[in-house]
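All remarks here apply to the structure that follows.
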Protein chains: 2
Amino acid sequence: MSGVRSKGDQAETAADTGGDRRLRADAKRSIDALMQAAREVFASSGVDATVREIAERAGVGMGTLYRHFPQRADLITAVLHSEMDACSDAAATLAAKHPPFEALAAWMQRYADLVGTKRGLAKALNSGDPVFEGLLTRFEERLRPAVRPLFAAAIVAGEIEPDTDADEILCAVSSLCMSAYDAKPEHARRMVALFIDGLRRPVKGSSSH
Amino acid sequence: MSGVRSKGDQAETAADTGGDRRLRADAKRSIDALMQAAREVFASSGVDATVREIAERAGVGMGTLYRHFPQRADLITAVLHSEMDACSDAAATLAAKHPPFEALAAWMQRYADLVGTKRGLAKALNSGDPVFEGLLTRFEERLRPAVRPLFAAAIVAGEIEPDTDADEILCAVSSLCMSAYDAKPEHARRMVALFIDGLRRPVKGSSSH
DNA sequence: ATTATATACGGAGCAATGTTCCGTTTAACA
DNA sequence: TGTTAAACGGAACATTGCTCCGTATATAAT
């Protein structure tokens with residue numbers, strides 16, 4: 001009955017500080033290794049993977065793991081946050097490298113992958129543990145602003161219908177993956193591609209077909 | 001990694017046999033004690049209660065517990081089934097003892113209690129464990145037929161609107177309790193009472209205000 | 001009533017897992 | 001180079017679901 005665990009405690013939770021708060025070099029190395037290992041292990045074995053497996057894969061001891069992530073759940077949220085950030089950042093990168101529609105389509109695939117992965121995690125997230133509260137909300141809040149420009153650009157370029165609702169698409173894609181990604185990632189990706197392609201509008205002048 | 005656990009296995013799961021399959025007297029006593037204890041413990045400590053706590057409260061050893069309920073989950077489902085049955089049976093009992101509308105209202109309170117309790121359990125149920133699959137469906141399938149007569153009687157007696165949709169009401173009441181019951185059972189019960197009372201139609205002849 | 005035996009009981013013990021403790025190592029800085 | 005606070009590793013602890021097996025007993029045939 002260790003019931004008395006207040007929401008935030010104080011124990012740092014490593015990766016949330018931004019990562020550069022006067023960390024000793026070896027500490028940073030450990031944290032990076034742990035998060036990478038966790039990402040991989042969660043992806044392959046699901047969220048029920050044991051802390052030992054993660055520590056071993058990261059090549060660190062239990063003490064090190066718990067020094068940076070006082071609770072198992074902290075590792076999970078840290079990984080999620082990091083993947084959310086990566087996915088958000090990808091929007092800008094893709095927008096810079098590709099034509100509007102291609103950027104949008106590519107980002108949607110990335111989003112699909114994220115949701116698919118997250119779904120693997122989500123099971124444990126929804127387990128009622130208050131540690132995870134607000135994660136999903138933040139999930140949406142962080143991503144939504146990141147995509148908007150992609151849609152805007154595609155609309156301005158006249159490549160998709162002007163009244164396309166970004167939120168609606170996001171929602172559709174995520175629910176598309178939610179159910180299907182686990183069993184057949186390939187299938188899910190194809191569905192998403194198909195779906196996104198359906199948004200496309202023939203650029204003026206070139207009559208396809 | 002005992003991953004290979006097929007759906008039904010064969011291990012009896014005690015209470016599902018109806019309870020009278022040539023059980024030795026002490027066995028029946030143990031099963032009853034265990035289910036009662038589980039009911040109480042789940043109600044007070046939630047579904048995360050340990051098997052030890054249940055065994056102790058029931059006054060039996062671990063071996064006995066596992067003899068009748070090969071898995072922890074079996075105890076949970078057994079308790080749920082039993083409570084579903086009790087709630088269903090209550091419909092007929094109440095119908096026999098009270099005027100149509102009162103019977104309906106009383107049963108709804110009972111249903112509210114069940115859902116409230118079940119919600120405490122539901123958290124674990126939704127944890128993805130396939131052992132629990134179909135429990136919720138059976139939940140609805142068992143209850144729905146039980147209520148229908150209550151509504152029918154109340155309609156025939158002219159005490160509620162004839163076009164009242166039983167399923168809709170059931171659904172409304174359960175969602176009413178889902179969210180509120182945990183924190184304030186009293187509040188939930190009052191809400192349900194209010195809601196059900198809203199169905200009432202003045203009996204012909206007596207103009208109430 | 002006695003006895004035989006299939007059935008049930010109890011609880012110590014096992015294995016897995018999250019978490020803590022503490023002696024040892026090392027990066028950082030004077 | 002020496003000092004020291006920070007970080008490391010991993011054995012050990014606590015909890016939990018579950019198993020094993022020696023003991024007790026309800027049941028029924030004699």
Side-chain angles (χ1 to χ4, degrees), chain A residues 1-5 9 11-15 17 19-34 37-38 41-42 45-77 124 127 129 131-132, chain B residues 1-5 9 11-15 17 19-34 37-38 41-42 45-77 124 127 129 131-132:
Chain A
M1 307 299 165
S2 68
V4 272
R5 172 169 297 290
D9 262 346
E12 278 302 334
T13 318
T17 69
D20 48 20
R21 190 181 171 179
R22 285 293 185 162
L23 274 178
R24 240 173 64 171
D26 51 357
K28 172 163 170 42
R29 225 179 303 135
S30 292
I31 291 174
D32 290 348
L34 277 169
V41 170
F42 285 159
S45 309
V47 267
D48 292 335
T50 69
V51 283
R52 280 178 177 76
E53 185 180 350
I54 296 170
E56 187 176 9
R57 179 167 200 130
V60 308
M62 298 296 299
T64 302
L65 190 157
Y66 272 91
R67 159 167 283 263
H68 299 301
F69 303 93
Q71 293 185 68
R72 206 188 101 87
D74 293 325
L75 239 183
I76 297 181
T77 58
S127 67
D129 212 310
V131 195
F132 297 120
Chain B
M1 307 304 163
S2 69
V4 274
R5 172 169 294 292
D9 261 343
E12 278 300 336
T13 317
T17 70
D20 48 20
R21 189 181 172 179
R22 285 293 185 163
L23 273 178
R24 239 172 65 171
D26 50 358
K28 172 164 171 39
R29 225 179 304 135
S30 292
I31 291 174
D32 289 348
L34 277 169
V41 170
F42 285 158
S45 309
V47 266
D48 292 336
T50 69
V51 282
R52 281 178 175 77
E53 185 180 350
I54 296 169
E56 187 176 9
R57 180 166 199 131
V60 309
M62 297 295 301
T64 303
L65 189 157
Y66 274 91
R67 158 168 283 265
H68 300 300
F69 303 94
Q71 295 184 66
R72 206 188 100 89
D74 293 326
L75 240 182
I76 297 180
T77 58
S127 66
D129 213 310
V131 194
F132 297 121

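Proteins get letters first, then strands, A, B, ... in listed order; numbering begins at 1 in each.
- Atom CD1 in I54(B) sits roughly 12 Å away from atom C1' in dG17(D) (whole-Å rounding).
- Closest approach of V60(B) to S30(B), counting heavy atoms only: CG1-OG, 4.2 Å.
- For the pair R67(B) CZ and dA24(D) P, the interatomic distance rounds to 17 Å; values are reported in whole Å.
- With rounding to whole Å, L65(A) atom CG is found 16 Å from dA11(D) atom C1'.
- In this structure, V51(A) and G63(A) both approach DNA chain C, and ranking their closest nucleotides by distance from the 5' end singles out V51(A).
- Here the C1' atom of nucleotide dG18(C) and the CD atom of E53(A) are 15 Å apart, to the nearest Å.
- Taking 4.0 angstrom as the limit, R52(A) places none of its side-chain polar atoms (N or O) nearer than this to OP1 or OP2 of dT17(C).
- In this structure, K28(A) atom NZ and dA7(D) atom P are separated by 14 Å, rounded to whole Å.
- Listed pair S30(B) / dA8(C) fails the phosphate criterion, with no side-chain N or O lying under 4.0 Å from OP1 or OP2.
- Straight-line distance from the NE2 atom of H68(B) to the C1' atom of dG10(C): 12 Å, rounded to whole Å.
- R22(B) has no side-chain polar atom (N or O) that falls below the 4.0 Å cut-off from OP1 or OP2 of dA26(D).
- Here the straight-line distance linking atom OG1 of T77(B) with atom CD of Q71(B) works out to 9.0 Å at 0.5 Å rounding.
- The phosphate of dC18(D) has OP1 or OP2 within less than 4.0 Å of a side-chain N or O from Y66(B).
- Here the closest heavy-atom approach between residue R72(B) and residue A49(B) is recorded as NH1-O, 2.6 Å.
- For T64(A) and dG9(D), the shortest distance from a side-chain N or O to OP1 or OP2 is below 4.0 Å.
- For the residue pair I76(A) and V47(A), the shortest heavy atom distance occurs at CD1-CG1, 4.3 Å.
- Of the candidates D74(A), V51(A), I54(A), F69(A) forms a side-chain contact (heavy atoms from CB on, under 4.5 Å) with just one, namely D74(A).
- In this structure, the CD1 atom of I76(B) is 14 Å from the C1' atom of dT16(D), given to the nearest Å.
- In this structure, the CZ atom of R29(B) is 13 Å from the C1' atom of dT7(C), given to the nearest Å.
- Within the structure, every side-chain polar atom (N or O) of T50(A) is placed at least 4.0 Å from both OP1 and OP2 of dA16(C).
- A donor-acceptor contact under 3.5 Å is not formed by the side chain of R24(B) with the base of dA8(C).
- Residues M62(A) and D26(B) each lie close to DNA chain D; by heavy-atom proximity, the contact nearer the 5' end of the strand is made by M62(A).
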